Amino acid sequence: MITDIKRERIVDILRNKEIGRKVSIYGWVKTRRDSKGGFSFLEINDGSCLRSLQVIADKSLSNYESEVLRLNVGSSVMVKGTIVASPGKKQDIELQAEEISVIGWADPAEYPLQKKRHSFEFLRTIPHLRVRTNTFGAVARVRNAISYAIHKFFQENGFIYVHTPIITGNDCEGAGEVFKVTTFDLSEIPKKEDGEIDFSEDFFGQKAYLTVSGQLEAEAYALALGDVYTFGPAFRADNSNTPRHLAEFWMVEPEMAFSGLERAIRVAEELIKYLFLFALENCREDIEFFNKFIEPANLKQIQKGIEQDFARITYTEAIEMLSKAKRQFQYPVEWGCDLKTEHERYICEEVFDKPTIITDYPKGIKPFYMKLNPEGETVMAMDILVPRVGEIVGGSQREDDYDTLLMRMKEQGVDPQDYWWYLELRKFGSAPHAGFGLGFDRFIQFITGISNIRDVIPFPRTPNSLGFLNRRVYGSDI
RNA sequence: UCCCCGGUAGCUCAAUCGGCAGAGCGGGUGGCUGUUAACCACUAGGUUGGCGGUUCGAGUCCGUCCCGGGGAGCCA
């Protein structure tokens, strides 16, 4: 049954409006409304777009009484029929069914999704089903489109996609806590004579971690291939409980050889504008849905992001603005301190109200690999902030001088022996290079307007939550 | 990890001073209608997050633990 009938996508049917054509669709029932005139309206969604296709099922169908009248939200069906003009007000075409096959029932007494809207908190308890809602379907399509656009942008600009490792031996890059990777039997960990854990017995013969960033490895490839980028998952074991943090998230990290901070900034701004435009041109319906039901500011902010240059100031200028601001901050502002959330929000949302680039931070609050400015107090770093979400990009020109890098490692308590290969990149054919990381999920947060990052990724991982742990179990069959 | 708020029917939420645990949606049954978050009637549905305490009496007060949310820190 599945293989001998062409499955047409509802998005194409709705776009082409070929009245009179016979089509077959497969999808899930969103709602059923019966008419005692002897027919029912079914709305079928197949995930290809936000909108559903209205199906007219009448009593001439052999299984009308036995099956169609029992169809409920969530059931999967095949509908074969003819596209006709709709007399209804909310759609111009509909599908007059000639055959309906129920593929999978969804018992309405147990199926947790209703036609009505649910809270995001509840939907988080059913990540395997929430994607069937309008909002999560739209998020999934936007994530897909933006992923594609990221590759498209870099490929069109001569960047080479590099698969940096997920498992790494790098500890402590100044980017948060790491997850440890081991095959040890945790109840029986091998110890050395002095009581220390004997990692030579472990799978890799040494300590291993999940990567917090592909940057260091990307640098190695940039210093051979020119412009490269990675796009993959990163893992942070920080106990962060906020709407902007995940333990597993996706990050885009370009790295460019023979380039400085200015190019990194330019590429980042061009990339973001490109993605904004791509979203508007390719996900218009979904973005408008978010604008209507989730965040009434997101569409305007995307458009503003495309039309206007990003605001740009140095850290030092930011500190001046903050100290002159006519308002009280909870954290004091003085040169050398890190910018707190309240400071970033003030500058990005109240002063500029658009994407804002802040550059040249004090060296003390940034990691060892960022290149020192000639005056020796600041580093060639940049962050890009956006309204509502905050920091979505962090980048820098990398320290390409061997001796300076070694000195910076020692200053920050990083053991150079752990980074011998990274140092070697500065020993053999070193070159100025720069790069940045774009938080993919935060970017999706910005364009969708969804306020909690747990709702822009399919299966969110956060402290104390791997999903599915606190679920009721229906019936007693498992 | 810290601060604040919350946890009541499948879902979204009420319940006055500590005094009979309710509504809407969803489900079931019936009715009505080219409907469109359809509509109308009836109906079933509860260990009020767990444990302990105060009290004649606890959804409500106290203690504790679990879970969720918001804010903060850390960061992308």
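By convention in this document, chain letters (A, B, ...) are assigned in the order of the sequence lines, proteins followed by strands, and residues within each chain are numbered from 1. Just the heavy atoms: all of them, side chains too, but no hydrogens, waters or symmetry mates, feed the values below. The structure displayed is predicted, hence computed values, not measured ones.
Donor-acceptor pairing under 3.5 Å, judged by distance alone, is present between the side chain of S240(A) and the base of rC74(B). Donor-acceptor pairing under 3.5 Å, judged by distance alone, is present between the side chain of H245(A) and the base of rC75(B).
Place T242(A) and P463(A) on RNA chain B by their nearest nucleotides, and P463(A) ends up nearer the 5' end. The nearest heavy atom of RNA chain B to R454(A) and to W250(A) marks one nucleotide each, and the one closer to the 5' end goes with R454(A).
Residues of residues 329-338 of chain A having a heavy atom closer than 4.0 Å to RNA chain B, listed by number: Y331(A), D338(A).
If you measure from atom CG of L71(A) to atom C1' of rG26(B), you get 17 Å, rounded to the nearest angstrom. Following rounding to the nearest Å, L113(A) (CG) and rG26(B) (P) show an atom-to-atom distance of 14 Å. Rounded to an integer number of Å, the gap from D238(A) CG to rA76(B) P is 10 Å. Between the CD atom of E342(A) and the P atom of rC3(B) there is a distance of 19 Å, given to the nearest Å. Between the OH atom of Y361(A) and the P atom of rC75(B) there is a distance of 12 Å, given to the nearest Å.
Looking at heavy-atom distances under 4.0 Å, N72(A) makes contact with sugar-phosphate atoms alone, never a base. Using a 4.0 Å heavy-atom criterion, one finds that Q114(A) contacts the bases of the nucleic acid, with or without backbone contacts as well. When heavy atoms are screened at a 4.0 angstrom cut-off, L246(A) is found touching base atoms of the nucleic acid. When heavy atoms are screened at a 4.0 angstrom cut-off, V73(A) is found touching no nucleic acid atom at all.
Listed for the K371(A) side chain is no donor-acceptor partner under 3.5 Å among the backbone atoms of L405(A).
When the P atom is compared between rA23(B) and rU43(B), the two are found 11 Å apart, to the nearest whole Å. Remark: the separation of the P atoms in rG24(B) and rU35(B) is 25 Å, to the nearest Å. When the P atom is compared between rC62(B) and rC5(B), the two are found 11 Å apart, to the nearest whole Å. Going from the C1' atom of rA15(B) to that of rG22(B) covers 7 Å, rounded to whole Å. Comparing rG68(B) with rC25(B), their P atoms are spaced 31 Å from each other, to the whole Å. Taking atom C1' in both rA76(B) and rU36(B), one finds a spacing of 42 Å when rounded to whole Å. Comparing rG57(B) with rG71(B), their C1' atoms sit 39 Å apart, to the nearest whole Å. The same atom, C1', is picked in rG46(B) and in rA9(B); the two are 6 Å apart, to the nearest Å.
Side-chain atoms of T341(A) lie closest to rC75(B) of the nucleotides rG68(B), rC75(B), rG70(B).
A cation-pi arrangement is found for R70(A) relative to W105(A), the charged atom lying closer than 6.0 Å to the ring centre and inside a 45° cone about the ring normal.
Annotation: side-chain contact (heavy atoms from CB on, under 4.5 Å) contacts of N239(A) (sequence neighbours excluded): N241(A), P463(A). Applying the ring-ring contact (aromatic ring centres under 6.0 Å, His included) criterion to F249(A), with sequence neighbours excluded, gives no partner residue. Judged as a ring-ring contact (aromatic ring centres under 6.0 Å, His included), and not counting sequence neighbours, the contacts of F159(A) are F154(A). Residues that satisfy the ring-ring contact (aromatic ring centres under 6.0 Å, His included) test with H118(A), not counting sequence neighbours, are F122(A). Looking at residues two or more places apart in sequence or on another chain, you find a side-chain contact (heavy atoms from CB on, under 4.5 Å) between L277(A) and E281(A), I306(A).
Between E248(A) and R236(A), none of the side-chain N atoms (NZ, or NE/NH1/NH2) sits under 4.0 Å from a carboxylate O, so this pair counts as no salt bridge.
Here side chain to side chain donor-acceptor pair (under 3.5 Å) pairs that include residues 77-100 of chain A, with residues two or more places apart or in two chains, are K17(A)-D92(A), K22(A)-T82(A), K22(A)-E98(A), Q54(A)-E94(A), D58(A)-Q96(A), T82(A)-E98(A), S86(A)-Q91(A), S86(A)-E94(A). Sorted pairs that involve residues 50-83 of chain A and meet ring pair (Phe, Tyr, Trp, His ring centres under 6.0 Å), not counting sequence neighbours, are lacking altogether. Residues in residues 377-391 of chain A take part in these salt bridge (charged side-chain N to carboxylate O under 4.0 Å, His left out) pairs, two or more places apart or across chains: K366(A)-D383(A). The salt bridge (charged side-chain N to carboxylate O under 4.0 Å, His left out) contacts involving residues 334-350 of chain A comprise R327(A)-E350(A), R345(A)-E349(A), where partners must be two or more places apart or lie in separate chains.
For N452(A) and rG70(B), the shortest distance from a side-chain N or O to OP1 or OP2 is below 4.0 Å. Between N239(A) and rC74(B) there is no side-chain N or O to OP1 or OP2 distance below 4.0 Å.
At least one side-chain heavy atom of F136(A) sits less than 4.5 Å from a side-chain heavy atom of F120(A).
Classified by its glycosidic torsion, rC20(B) falls in the anti category, the angle being over 90° from 0.
Under the side-chain hydrogen bond (donor to acceptor under 3.5 Å, both in side chains) test applied with D360(A), the options T378(A), T314(A), N373(A) reduce to a single match, N373(A).
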Identify each atom pair where a protein N or O and an N or O of nucleotides 32-40 of chain B are less than 3.5 Å apart, giving names and distance.
| residue | atom | partner | partner atom | Å |
| --- | --- | --- | --- | --- |
| rC32(B) | N4 | K36(A) | NZ | 3.2 |
| rU33(B) | N3 | D34(A) | O | 2.8 |
| rU33(B) | O4 | D34(A) | O | 2.6 |
| rU33(B) | O4 | S35(A) | N | 3.3 |
| rU33(B) | O4 | K36(A) | N | 2.6 |
| rG34(B) | N1 | E94(A) | OE2 | 2.6 |
| rG34(B) | N2 | Q54(A) | NE2 | 3.1 |
| rG34(B) | N2 | S86(A) | OG | 3.4 |
| rG34(B) | N2 | E94(A) | OE1 | 2.4 |
| rG34(B) | N2 | E94(A) | OE2 | 3.1 |
| rU35(B) | O2' | R33(A) | NE | 3.3 |
| rU35(B) | O2 | R33(A) | NE | 2.8 |
| rU35(B) | O2 | R33(A) | NH2 | 3.0 |
| rU35(B) | N3 | Q54(A) | OE1 | 3.1 |
| rU35(B) | N3 | Q54(A) | NE2 | 3.1 |
| rU35(B) | O4 | Q54(A) | NE2 | 2.9 |
| rU35(B) | O4 | Q91(A) | NE2 | 2.9 |
| rU36(B) | O4' | R33(A) | NE | 2.9 |
| rU36(B) | O4' | R33(A) | NH2 | 3.4 |
| rU36(B) | O2 | Q54(A) | OE1 | 3.3 |
| rU36(B) | O2 | Q91(A) | OE1 | 3.0 |
| rU36(B) | N3 | Q91(A) | OE1 | 3.3 |
| rU36(B) | N3 | Q91(A) | NE2 | 3.3 |
| rU36(B) | O4 | K89(A) | N | 2.6 |
| rA37(B) | OP2 | K90(A) | NZ | 2.7 |
| rA38(B) | OP1 | K115(A) | NZ | 2.7 |
| rA38(B) | OP2 | R33(A) | NH1 | 3.2 |

For Watson-Crick and G-U wobble pairs within 3.5 Å on both distances, what is RNA chain B written in dot-bracket notation, | included for inter-strand pairing? (((((((..((((.....[..)))).(((((.......))))).....(((((..]....))))))))))))....
